[in-house]
Amino acid sequence: MQPIILYDIPSKLPKKKWAPNPSKTRFCFGYKDLPYEVIWVEFCDIAATMKGVGVSPTAGKRYTVPTIKDPNTGVVVSDSHAIAKYLDETYPDKPLIPRGAHVLLETFETLYINTVMIPSFKLLAARTLEIQNDISRQMFIQSRLKMFRETHWEDMAPEGKAQQMWAALKKNLDVVDGWYQKSGGRWIMGDTFSFADIVVVSWMVWWNAILNKQERQEVHTLHGGRWVRLLADVNAECNTELGSFEEHSRSLL
């Protein structure tokens, strides 16, 4: 089998990887034991590169990563959930999305983003700028100002608002902790591992790339260590080593 090509965004970090949505696809590849290789695409080059690959824009009529190109079938797919669905259909061993649960998991991802991510997105975007390569910084700034309807970058997460957004992220994780408590098992679907668990930990991969040491430690200790334990469990399930709390020793203080 030829390796599937994954298009991902690099960063200044030593291992380059950081982005949550491509991380979902990396976990999927690991879970299904599918070989892949990475083509790094700078943030400022995504639209041109994706047009060249022949993929259509995703939600919001934007060109995004992850995108995969499968040389074994000639298929090109963009959007992490669509990629997981494609991988299940094409390589059905060890399904990521249980039969009949496609809409349920899509809804779960939207609910998770609305509950945990939306209230804190501006803070996380501001931190993400710090790890962007110089060539992509200006495009990243322009795109996020447009996305959040801001005029000036310094208005994204000024100190007071940044503290509020950080507190909101931790508080809103209480809700997700409650979901796991009610699941009756190790995973969000009880004893069944699924793409939903990959969704949750992929956002953690992002946080671990951009948060400072103290903030990572705060997440580490929340809810009896649930999140660091869940990340370790998903890595073990997928035979991957993504976003460990120890991986990024750098401080953004």
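Residue indices begin at 1 and follow the sequence shown.
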Enquirer: Give, for atom CZ of Phe121 and atom CG of Leu169, the distance between the pair rounded to the nearest 0.5 Å.
Expert: 10.0 Å

Enquirer: Does atom CE (Met117) have a neighbourhood of more than 12 heavy atoms from anything else shown, all under 6.0 Å?
Expert: yes

Enquirer: Is the CG atom of Asn239 crowded by more than 12 outside heavy atoms at less than 6.0 Å?
Expert: no

Enquirer: Do the side chains of Val199 and Pro20 get nearer than 4.5 Å, heavy atoms only?
Expert: no

Enquirer: Donor-acceptor check, side chain of Arg127 to backbone of Leu211, threshold 3.5 angstrom: yes or no?
Expert: no

Enquirer: Consider only side-chain heavy atoms of I, L, V, M, F, W and Y, link residues closer than 4.5 Å, and tell whether Ile135 and Phe140 are in one cluster.
Expert: no

Enquirer: Going by heavy atoms in the side chains, are Ser120 and Trp166 under 4.5 Å from each other?
Expert: no

Enquirer: Quick one: CG on Asp233 to CG on Asp197, what's the gap to the nearest 0.5 Å?
Expert: 9.5 Å

Enquirer: Check whether Tyr7 forms a cation-pi arrangement with Lys69 (NZ or CZ under 6.0 Å from the six-membered ring centre, at most 45° off the ring normal).
Expert: no

Enquirer: Does anything in residues 137-155 form a salt bridge (Lys or Arg N to Asp or Glu O under 4.0 Å)? List the pairs, not counting sequence neighbours.
Expert: Lys122-Glu150

Enquirer: Using the benzene-type ring in the case of Trp, are the ring centres of Trp179 and Phe108 under 6.0 Å apart?
Expert: yes

Enquirer: Looking at every heavy atom in both Met165 and Met156, which two are closest together, and how far apart are they?
Expert: CE-O, 3.7 Å

Enquirer: Quick check: does any side chain N or O of Asp45 sit under 3.5 Å from a backbone N or O of Val41, one acting as donor and the other as acceptor?
Expert: no

Enquirer: I'd like to know if the side chain of Ser11 and the backbone of Lys16 have a donor-acceptor N/O pair within less than 3.5 Å.
Expert: yes

Enquirer: Go through the steps to decide whether Asp88 and Lys32 satisfy the test salt bridge (charged side-chain N to carboxylate O under 4.0 Å, His left out), and finish with yes or no.
Expert: CA-CA 9 Å; Asp88 271 354; Lys32 287 180 171 288; 2.9 Å; yes

Enquirer: How close do Leu87 and Cys28 get, heavy atom to heavy atom, and via which atoms?
Expert: CD1-CB, 3.9 Å

Enquirer: Does the side chain of Leu34 reach to within under 4.5 Å of the side chain of Tyr91, using non-hydrogen atoms?
Expert: yes

Enquirer: Between Lys213 and Glu218, does any side-chain N to carboxylate O distance fall below 4.0 Å?
Expert: no

Enquirer: Considering only heavy atoms from C-beta outward, does the side chain of Ile141 approach that of Leu145 to under 4.5 Å?
Expert: yes

Enquirer: Got Asp174 and Lys171 here, is their nearest side-chain heavy-atom distance under 4.5 Å?
Expert: yes

Enquirer: Please check if the side chain of Asn21 supplies one atom and the backbone of Pro66 the other of a donor-acceptor pair under 3.5 Å.
Expert: no

Enquirer: Can you check whether Thr115's main-chain N or O pairs, donor with acceptor, with Asn172's side chain at less than 3.5 Å?
Expert: yes

Enquirer: Treating Asn72 as the side-chain partner and Gln2 as the backbone partner, does any N or O pair qualify as donor plus acceptor under 3.5 Å?
Expert: yes

Enquirer: Test your reading of the model: is there a side-chain donor-acceptor pair from Ser194 to the backbone of Ala196, 3.5 Å cut-off?
Expert: yes

Enquirer: First locate atom CZ of Phe43, then atom CD of Gln142, and finally report the distance between them rounded to the nearest 0.5 Å.
Expert: 10.0 Å

Enquirer: For Lys94, does the NZ atom have more than 12 heavy-atom neighbours from other residues, nucleotides or ligands under 6.0 Å away?
Expert: yes

Enquirer: So, for Tyr31 and Phe193, is the gap between ring centers shorter than 6.0 Å?
Expert: yes

Enquirer: Hydrophobic clustering (ILVMFWY, side-chain heavy atoms < 4.5 Å, transitive) - are Val103 and Leu96 grouped together?
Expert: no

Enquirer: Between the side chains of Thr58 and Ser78, is a donor N or O closer than 3.5 angstrom to an acceptor N or O?
Expert: no

Enquirer: Could you check if a side-chain atom of His220 sits within less than 4.5 angstrom of a side-chain atom of Trp227, using non-hydrogen atoms only?
Expert: no

Enquirer: Looking only at heavy atoms, which two atoms of Val55 and Tyr63 are closest? And how far apart?
Expert: O-CE2, 3.3 Å

Enquirer: Taking everything shown except Lys170 itself, do over 12 heavy atoms lie less than 6.0 Å from its NZ?
Expert: yes

Enquirer: Should we count CD1 of Ile39 as having more than 12 external heavy atoms under 6.0 Å?
Expert: yes

Enquirer: Heavy-atom distance under 4.5 Å between the side chains of Arg26 and Val38, does that happen here?
Expert: yes

Enquirer: With side chain to side chain contact (heavy atoms under 4.5 Å, CB included) as the test, would you mind laying out the steps for Arg226 and Gln181 before giving the verdict?
Expert: CA-CA 10 Å; Arg226 177 183 294 282; Gln181 288 185 42; 3.5 Å; yes

Enquirer: Between Trp18 and Thr128, do the side chains contain an N or O donor and an N or O acceptor separated by less than 3.5 Å?
Expert: no

Enquirer: What's the separation between atom CG in Asp177 and atom NZ in Lys182, rounded to the nearest 0.5 Å?
Expert: 11.0 Å

Enquirer: Please tell me whether Met147 and Ile131 are part of a single hydrophobic cluster in this structure, the criterion being side-chain heavy atoms less than 4.5 Å apart.
Expert: yes

Enquirer: Enter the distance from Tyr86:OH to Asp79:CG here, rounded to the nearest 0.5 Å.
Expert: 15.0 Å

Enquirer: Taking Leu231's backbone N and O only, do any of them form a donor-acceptor pair with Asn235's side chain (distance below 3.5 Å, no angle check)?
Expert: yes

Enquirer: For the side chain of Glu215 and the backbone of Asn212, is there at least one donor-acceptor N/O pair under 3.5 Å apart?
Expert: yes

Enquirer: Does any N or O in the side chain of Ser136 come within less than 3.5 Å of the main-chain N or O of Gln132, such that one atom is a donor and the other an acceptor?
Expert: no

Enquirer: Would you say that Tyr112 contacts Val200 through its side chain, given a criterion of any heavy-atom pair below 4.5 Å between the two side chains?
Expert: yes

Enquirer: Give the C-alpha distance, both sets of side-chain angles, the deciding distance and a yes or no for side chain to side chain contact (heavy atoms under 4.5 Å, CB included) between Ile68 and Val76.
Expert: CA-CA 6 Å; Ile68 65 167; Val76 179; over 6 Å; no

